[in-house]
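Here the structure is laid out as structure tokens; the discussion comes afterwards.
Letters A, B, ... mirror the listed sequences (proteins, then strands); counts begin at 1.
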Amino acid sequence: MSFVITTPLYYVNDKPHLGSIYTTLICDSIARYKRLTGEEVIFITGVDEHGLKIQRTASNKNVDPQTHCDEISNIFIQNWKDWDISHNKFVRTSSKNHEFIVNEFYKRVRNSDDIYMGLQKGWYCVGCEEFKDNPDNSPTHKCPIHQKILEWKNEENLFFRLSKYQSQIENLISDPTFIQPKERRNEIINFVSKGLKDFSISRTNVSWGIPVPDIKNHTFYVWFDALLGYVSAISQDMNNPSLEDSINNGWPADIHLIGKDILRFHAVYWPAMLLSAGMKLPKKVFGHGFLTREGQKMGKSLGNVLDPNLLLSKYGKEAVRWYLLKDISLGNDGDFQNKRFVDIINNDLANTIGNLLNRTSSMSRKWFDNKVPDIEGVSNDTKLALCTKKTVENYIIHFNNYELDLAANDVLNLAINTNLYLNEKQPWLLIKDKNKISSVGNIIYNVLESTRIIGLLLLPLLPDLSTKIDIQLGKSYEKEKSWSKQLNWGLLKNKSILPAPSPIIEKLEYE
RNA sequence: GUCUCGGUAGCUCAGCUGGUUAGAGCGGCGGAUUCAUAGCCCGCAGGUCGCGUGUUCAAGUCACGCUCGAGACACCA
């Protein structure tokens, strides 16, 4: 059994924005966590490359769509490399085997008698080449962009019988674990209760797309193309990829992590399509919130878009990860505030965790010959050992619930408690009395041990920082051994050598 | 217009099925200490818990009304 997690397949109309980074970082962290707990993980990400918008963007640039897609896709790939994303699959919907999977899937759905030719009717803007949502709001029936009068148009499209799956979908979403967070779930329940209508799955005016077999001039519409990327990803590097291969090698997804804007497509359309194709349903769809900046929506028109690459080069990925994962609770909207960002990184990472490591290591080095103290035996029932144990338990519960912010806070609290323990015990006073050296040794060992576990717990959240901590504790982490087992108290080896400490993260300054 | 969610200390938010002096983190102010990255630790912050009415022995916690904010109400993703 593998654990399958997906980001959305990002639309290649433009390079990645902070929102894409956010979603992807969360998935990355969850994927890392699951791997550490011993699960075989398939972490899927990729790009959605078809559609009219891409076609148009490319033609504006005077290149063919494939060239444009290659260019943007490469930027995504490079970005994920820069952010050290640990994905296993990167799907491109313009790839051949994706097309193959879409065709196979289509056949299944057609065999279920869920496809028919119908008429897409609506107000159409020639300028946009699109049907418009609510022209009734405007008495003149004008396109808000082009200010042209809309035409009533009938277009022949293939339709999918979504209506047939009304009760099955109702049943599915009544399970409180399927859609999260619950506020979003209510919206979907409300939407579904009004009755599902069939939706169109092909377009006649879009050449940049996957052709519908046997039907001239029709290409598949986005949802009958992009969503299948999650499936085609699984078998993408097999010799003869097929739908069956994907089904047998991982499908269904354990969690689709997406922005709240595309929840309906993932929680309603997609499951219905899968039911029609006789495939298993994803276990969970999680619609996270959006990011704002200093309390304002980010947008091109406001000119306040935060460039993720700028953040990365200025602050480093660990700082950005910590802010996004720890300070924003998944499901809520999050606000990016520069002052808060700086405060949090300095307080949490530099002062609380970084300085803990530093002060602990230097005491041990100073009083115990640059080594971990040689103590008589490890005691599991000290206050700190118990606190650590409790922290590990909570952390695991939180991570399993995808409450990454709480898990991060668990780690932080352990660091705070460890600092507190030091201040209570005051080994720097005890050491003045030579008879108390063994008692000091025990204290220092406990603190080092707690710090070791803090480092381990940070591994899925902040992989680089975690590694730095491990190095400064003399490299006690053993990759080939179970991570979970190494979270047990008392595994730090006596007398192992401690290198000279240095800051694990640089302090940030206000802009 | 209909529906959903939210409005708690300067900021970000916890407060479950109603019950002692309403909590945390950050910022701010003061103190103690020296192992450490001017750090860690301790103390202080007196917030009409959006507004009003009601239910109750008792409401931030329930009901109704109002107000402000965010969102959903199908093919832009």
Side-chain angles (χ1 to χ4, degrees), chain A residues 8-11 13 48 51-54 120 122 128-134 137 145 157 159-160 162 181-203 221-224 226 258-265 268-269 287 289-290 292 294-295 297 326-329 331-335 337 339-344 346-367 405-406 409 412-413 415-416 418-431 440 443-444 447 501-507:
Chain A
L9 301 192
Y10 303 107
Y11 206 53
N13 209 26
D48 168 19
L52 191 60
K53 250 186 205 169
I54 304 291
Q120 170 85 299
C128 301
E129 296 181 56
E130 272 166 9
F131 288 96
K132 289 295 165 187
D133 279 5
N134 297 311
N137 292 347
I145 299 165
N157 283 168
F159 278 77
F160 170 70
L162 180 63
K182 64 173 194 301
E183 301 87 325
R184 301 278 140 212
R185 179 170 164 253
N186 290 339
E187 286 174 9
I188 299 292
I189 288 175
N190 196 266
F191 168 79
V192 173
S193 71
K194 288 177 179 162
L196 294 173
K197 295 176 193 157
D198 299 345
F199 68 95
S200 64
I201 61 157
S202 75
R203 288 293 122 103
Y221 184 54
V222 56
W223 298 115
F224 215 83
I258 53 170
K260 61 186 182 183
D261 52 336
I262 50 175
L263 184 56
R264 196 175 66 227
F265 305 103
V268 179
Y269 290 28
F290 285 155
T292 54
E294 311 292 344
K297 263 185 194 171
K326 180 257 177 183
D327 210 44
I328 296 168
S329 90
N332 290 351
D333 285 350
D335 192 33
Q337 292 175 286
K339 185 175 186 305
R340 185 163 179 80
F341 178 77
V342 170
D343 285 341
I344 281 192
N346 288 346
N347 274 297
D348 297 351
L349 300 185
N351 294 346
T352 303
I353 295 174
N355 184 51
L356 170 67
L357 172 68
N358 196 284
R359 69 195 299 212
T360 303
S361 168
S362 43
M363 278 186 276
S364 199
R365 281 167 53 83
K366 192 175 284 182
W367 303 328
D405 58 320
L406 298 184
N409 274 301
L412 185 62
N413 282 324
I416 289 169
T418 310
N419 272 318
L420 221 133
Y421 173 86
L422 264 179
N423 280 60
E424 272 173 23
K425 298 292 181 185
Q426 304 189 325
W428 49 89
L429 295 186
L430 297 179
I431 196 68
V440 170
I443 294 166
I444 299 300
V447 174
S502 69
I504 49 172
I505 191 161
E506 269 181 56
K507 287 199 186 179

Which nucleotide, [options], lies nearest any side-chain atom of [X]?
{"X": "A:Lys297", "options": "B:G71, B:A14, B:G25", "value": "B:G71"}
{"X": "A:Lys260", "options": "B:C3, B:G71, B:C40", "value": "B:G71"}
{"X": "A:Asn186", "options": "B:C5, B:C35, B:C75", "value": "B:C5"}
{"X": "A:Lys53", "options": "B:C76, B:C40, B:C75", "value": "B:C76"}
{"X": "A:Pro503", "options": "B:C40, B:U37, B:C75", "value": "B:U37"}
{"X": "A:Leu420", "options": "B:A74, B:C42, B:C35", "value": "B:C42"}

Using the [atom1] atom on both, measure [N] against [M] and round to a whole Å.
{"N": "B:C62", "M": "B:G15", "atom1": "P", "answer": "13 Å"}
{"N": "B:A59", "M": "B:C42", "atom1": "P", "answer": "35 Å"}
{"N": "B:U61", "M": "B:U17", "atom1": "C1'", "answer": "10 Å"}
{"N": "B:U20", "M": "B:G60", "atom1": "C1'", "answer": "16 Å"}
{"N": "B:C3", "M": "B:G50", "atom1": "P", "answer": "23 Å"}
{"N": "B:C64", "M": "B:C5", "atom1": "P", "answer": "11 Å"}
{"N": "B:A63", "M": "B:C41", "atom1": "C1'", "answer": "48 Å"}
{"N": "B:G54", "M": "B:C68", "atom1": "C1'", "answer": "23 Å"}

Main-chain N/O of [Y] paired to [X] side chain as donor or acceptor, under 3.5 Å:
{"X": "A:Thr292", "Y": "A:Gly334", "value": "yes"}
{"X": "A:Asp333", "Y": "A:Phe290", "value": "yes"}
{"X": "A:Asn347", "Y": "A:Asp343", "value": "yes"}
{"X": "A:Asp335", "Y": "A:Glu294", "value": "yes"}

Scan every strand shown for a Watson-Crick or G-U wobble partner of [N], both distances under 3.5 Å, and answer none if you come up empty.
{"N": "B:U48", "answer": "none"}
{"N": "B:C13", "answer": "B:G23"}
{"N": "B:C29", "answer": "B:G43"}
{"N": "B:G60", "answer": "none"}
{"N": "B:C73", "answer": "B:G1"}

| said: Would you call the rings of A:Trp223 and A:Phe265 parallel, tilted or perpendicular, taking 30° and 60° as the class edges? | reply: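 Parallel: the ring planes of A:Trp223 and A:Phe265 meet at under 30°.
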[N] [atom2] sits how many Å from [X] [atom1], rounded?
{"X": "A:Tyr421", "N": "B:U33", "atom1": "OH", "atom2": "P", "answer": "22 Å"}
{"X": "A:Gln426", "N": "B:C42", "atom1": "CD", "atom2": "P", "answer": "12 Å"}
{"X": "A:Glu187", "N": "B:G6", "atom1": "CD", "atom2": "P", "answer": "12 Å"}
{"X": "A:Asn419", "N": "B:C42", "atom1": "CG", "atom2": "C1'", "answer": "14 Å"}
{"X": "A:Trp428", "N": "B:U33", "atom1": "CH2", "atom2": "C1'", "answer": "8 Å"}
{"X": "A:Gln337", "N": "B:G27", "atom1": "CD", "atom2": "P", "answer": "13 Å"}
{"X": "A:Ile189", "N": "B:G71", "atom1": "CD1", "atom2": "P", "answer": "21 Å"}
{"X": "A:Arg264", "N": "B:C75", "atom1": "CZ", "atom2": "C1'", "answer": "8 Å"}

Between [N] and [X], is there an OP1 or OP2 to side-chain N/O distance shorter than 4.0 Å?
{"X": "A:Asn351", "N": "B:U37", "answer": "no"}
{"X": "A:Tyr221", "N": "B:A77", "answer": "yes"}
{"X": "A:Asn332", "N": "B:G6", "answer": "no"}

| message | Just checking A:Gln337: does its CD atom have more than 12 heavy atoms from other residues, nucleotides or ligands closer to it than 6.0 angstrom? | response |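 More than 12 heavy atoms, drawn from other residues, nucleotides or ligands, come within 6.0 Å of this atom.
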| query | Heavy atoms under 4.0 Å, any strand shown: does A:Ile188 hit a base, just sugar-phosphate, or nothing? | reply |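 No contact.
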| Are any non-hydrogen side-chain atoms of A:Pro501 and A:Leu357 less than 4.5 angstrom apart? |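 Heavy-atom side-chain distance check fails, nothing below 4.5 Å.
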| query | Are the ring of A:Phe199 and the base ring of B:C75 both nearer than 5.5 Å at their centres and tilted by less than 30°? | reply |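 The ring of A:Phe199 is not stacked on B:C75.
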